[in-house]
Amino acid sequence: MDDSLSRPVSVAQPTTWQRYAGVATPLLLLLLVTLYIQGASSAYIQRVWIILGLDIILVASLNLFNGFTGVFSLGHVGFMAIGAYVSAILTLPLEKKAINLPDLPAWLAHIQLGFFPAILIGGLAATLVALAIGRPVLRLSGHYVAVATLAFLVIVRVILINATPYTRGSRTFSGTPAYTTVWWVYGWALVTIYVAWRVLRSPYGRAMLAQREDRAAARSVGVRVLRSRMWAFGISAFLTGVAGALWGHYILSFSPNAFYFAETFSIITMLVVGGMGSISGSVIGAILVVLLSEVLRNLEGGFSLGVVQIPPLYGMSQILMAILFIGILIFRREGLLGGREIDLTKLFVVDYWRSVFRRKEV
Amino acid sequence: MLRLENVEVFYGNIRALKGVSFSVREGELVTLIGSNGAGKSTTLNTIVGLLHPRQGAILYEDEPIHRLSPFQMIQRGISLCPEGRRIFGNLTVDDNLRMGAIQRRDPEGVRQDREWVYALFPVLAERLHQLGGTLSGGEQQMLAIGRSLMSRPRLLLMDEPSLGLAPVLVQTIFQTLQQLKAQGTTILLVEQNAHQALEIADRGYILETGRIILGDAAATLRTNKLVVQSYLGG
Amino acid sequence: MSFFEYGVQQLINALSIGSLYALMAIGLAMVFGILRLINFAHGDLMMVASYTALFLLIDGFPFLGAAIVAVVVAAIAGLAMERVAYRPIRGAPDVAMLLTSFAVTIVLENVAVLTVGARSRAFPAPPFLSTVFTLGNLTVSSVNVVAIVTTAILLVLLTFFVRRTDTGISMRAAAEDLVAAQLMGININRVIAYAFAIGSGLAGVAGLLWAAKVGKVDPFMGFSPVLKAFIAAVIGGFGTIPGAVVGGYVLGFLEIFLQGILPGQSSAYRDAFVFGILILVLLIRPNGILGVQEREEI
Ligand SMILES: Nc1ncnc2c1ncn2[C@@H]1O[C@H](COP(=O)(O)OP(=O)(O)OP(=O)(O)O)[C@@H](O)[C@H]1O
Ligand SMILES: [Mg+2]
């Protein structure tokens, strides 16, 4: 990654078209890659591409909350679960409902919604829960928020396992209609990135970012801070719920185990790798972690290194990811981007290139 | 005994000490004077190894000590009585003193020193089993001083021991310092109360925004125009 | 069964589960008190100890010998954890340390899966840990009694240690003010090592008792107990040993109480209530029911 892209360079203010170009380039690139993958790649690559998009939504929305408030949520996977189950229940075809969820209350047993409204309701349900728990929880300071949100995650899991009429308990929930396409995923990913950008890069967002390390301020959570934390929590929960819904309509069969510690850790790894507070960091973190864990997962089955035969070591990929994660926390705690953004606008400013080349001449 | 050579200390990117050099000879009482934020506490904390200089060296009996940890300083006979007392509020008075002697391996000597501290500050003797946190401010200060003596230091560093104390108590503490000096302890005293510090000190240094700007015999400093104007209030 | 007998029965249940939570919470609290690290991987030490004991028992070791070795291995594992993962990140923001401990958990559990397999195994508890005896109408399993007694003994020893020995007092001093402790000449690396070793040893004991109680071990067996211990520590006011002990027993009683009063179906939601109470405690008494003030940092 080119670090100079994120370094402030004294160049002329970008003009409007340059700014558009800075935004349009990655979009165009995304479109082309997606089209190519859709058309020419294996089902496996297509799958990884979709998972990546989902992870981008999850990481960026967690980052929206975390970067904005400076407190850490370990409970976001709970919102993901809410989105997935709500949307799946709402869209389940009636005849499958009668078989899979025979004990559903009448009003739920007789509705079957379309994909888009179901996603929205899934997201809103997550928001609603977020606002309910946020009122008490976000009043806390520092890592107590992490602790309380972790408790929330456990509670969600207990409820999922026990609310058998709705979730089939710890058994697999299946029959979810396969609605999620790569276009839905990346559409929502763009929405998430845009929203996160608006929130984090707003003047108020920057101010929040600046004071998040300030212990005194963080300790006495004022009314104003509480309200803005609530906003960030609600929005973030919505997007996470949406990601959960999309995930559910892609994976199709899932159980409460999917929404627990492992998933939480995977999202947090992406966040930490990319750097808290940086949206481009979230995207890069997701890309790196997804790619790396795919590579590692493929190696887990065993491979041969010339004469040496490496036996299958299932679980090795997780171990290596966790070690990588610890390494990043120790050696580059602020993540790869350290809270900054990659600004592609610069690529379209002539002076920027001049300054890049001039620097090389020196 | 102690020599700082061109010591630079940073807090992140802030340069708090900008090349500080001075020395303390065996048996001396030297005072370091400066206004708020001058870097006095930073200097003391660096000497005892809580902070480490980015540049320069600290020599104690000709041995460089600026990379050692605080507990190694105690082993060498350096003890700091920190700014703001920092006694252990959840420990009894007696246990606080016990902590002061944690590195010592001579129970008999420790017992004697404890008696000596209690003789020095009789109020503490009355509150042996009281929790440190329940002492009054002045009593806590005495406990802090007593605690820093328990390691039987040869070089005692004191960071504003008179802060926030009633004049009578300040007298007591300054008398104690003189007494310690008479017994052969070398003392580096940081004080805002320049008057009294220069009164009992042999020599003094003036620290201003991370630099030593003046150093001389205490008697000379007392009459120095700049010192009189800026630090002696007139 | 009379009301009185029912009460005694439940009292034993509450005390025994509370004992295990207390044993676990102590280690969490000791480490948190000094480092402000919430050591999530603390639960995995239970797993380390029980597997060590399991293999030794299979090899024909007598139980007591196997137990002692297992506890020592847990202590060493705790020390290694501190040295490798936590020391380099000492002083980092709280959340960074918490996340590191998450990662340590992932490493340990996956290493366990790789080496001993993910499936659970029966734990061959000796008769004195696996008998159920009846006293009148009471049915009492011996492991509960052993848990209560063992914990009581360990608590007495621990109390003596932290109140009377130099190292113990140093530990409390370091928990209160790390800088002042250093100034006294307390070697904090040593104190921290002690905290990890003792806490991990206690977690090892808890692990063995747990394994005997549920009759099996698996690589993830520490997950639920550490969450509970964590609640116990928060209830007691994170960072103090007496708080952790009180919190452990309070949680034990709370669980048994909830089990008793929640009607049939909803008792499955017990854990949800328990974790709800955690949030409640954080809100009403962020410093725990013993109410120690959060200390200022340097
Ligand atoms: N932990 C810290 N982080 C950042 N800056 C610090 C820190 N501690 C001290 N400083 C800064 O270093 C400078 C010197 O501080 P120091 O505490 O040494 O002053 P001082 O001379 O002891 O002042 P006072 O008389 O008020 O105690 C000050 O500008 C202070 O703001
Ligand atoms: Mg000072």
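FYI, side chains are in, hydrogens and waters are out, and symmetry mates aren't considered; it's all heavy atoms of this structure. Protein chains get the first letters and strands the later ones, always in sequence-line order, with residue 1 at the start of each.
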Rounded to the nearest 0.5 Å, the CZ atom of F275(C) sits from the CD1 atom of I155(A) at a distance of 8.0 Å

Which region of I38(C), side chain (C-beta onward) or backbone (N, CA, C, O), has a non-hydrogen atom less than 4.5 Å from a non-hydrogen atom of chain A, or is it both or neither?
side chain

Name the region of A163(A), side chain, backbone, both or neither, that has any atom closer than 4.5 Å to a heavy atom of chain C.
both

Heavy-atom cut-off 4.5 Å, strictly under: side chain, backbone, both or neither for L280(C) against chain A?
neither

Among the listed options F152(A), Y260(A), F331(A), the residue most often paired with chain C at heavy-atom distances under 4.5 Å
Y260(A)

Could you state the interatomic distance from CZ (R90(C)) to CD1 (I330(A)), rounded to the nearest 0.5 Å?
12.0 Å

Honestly, the part of L74(A) sitting under 4.5 Å from a heavy atom of chain C is side chain

Note: A96(C) and L329(A) closest approach over all heavy atoms is O-CD1, 3.5 Å

Side-chain donor-acceptor pairs of residues 77-85 of chain A under 3.5 Å, sequence neighbours excluded:
none

Chain C heavy atoms under 4.5 Å from L150(A): which part of the residue, side chain, backbone, both or neither?
side chain

Let me confirm one number: the CG-CD1 distance from L140(A) to I279(C), rounded to the nearest 0.5 Å.
9.0 Å

Taking non-hydrogen atoms and a cut-off under 4.5 angstrom, which of residues 317-326 of chain A neighbour chain C?
Q318(A), I319(A), A322(A), I323(A), F325(A), I326(A)

Structural part of L99(C) lying under 4.5 Å from a heavy atom of chain A:
both

Just to be sure I understand the criterion: a residue of residues 215-225 of chain C counts if one of its heavy atoms is under 4.5 Å from a heavy atom of chain A. Which ones qualify?
F223(C)

Can you check whether F261(A) and F40(C) have ring centres sitting under 6.0 Å from each other?
yes

Largest heavy-atom contact set with chain A, pairs under 4.5 Å, which of V113(C), V111(C), D271(C), L98(C)
V111(C)

Using a 4.5 Å cut-off on heavy atoms from C-beta on, say whether the side chain of L114(C) contacts that of M316(A).
yes

More than 12 heavy atoms of other residues, nucleotides or ligands under 6.0 Å from CZ of R87(C): is that the case?
yes

Among residues 100-107 of chain C, residues within the sub-4.5 Å heavy-atom range of chain A, in order of number, are T100(C), F102(C), A103(C), V104(C), T105(C), I106(C), V107(C)

Atom CZ of F273(C) with >12 non-hydrogen neighbours under 6.0 angstrom:
no

So which part of V145(A) gets closer than 4.5 Å to some heavy atom of chain C, the side chain, the backbone, both or neither?
neither

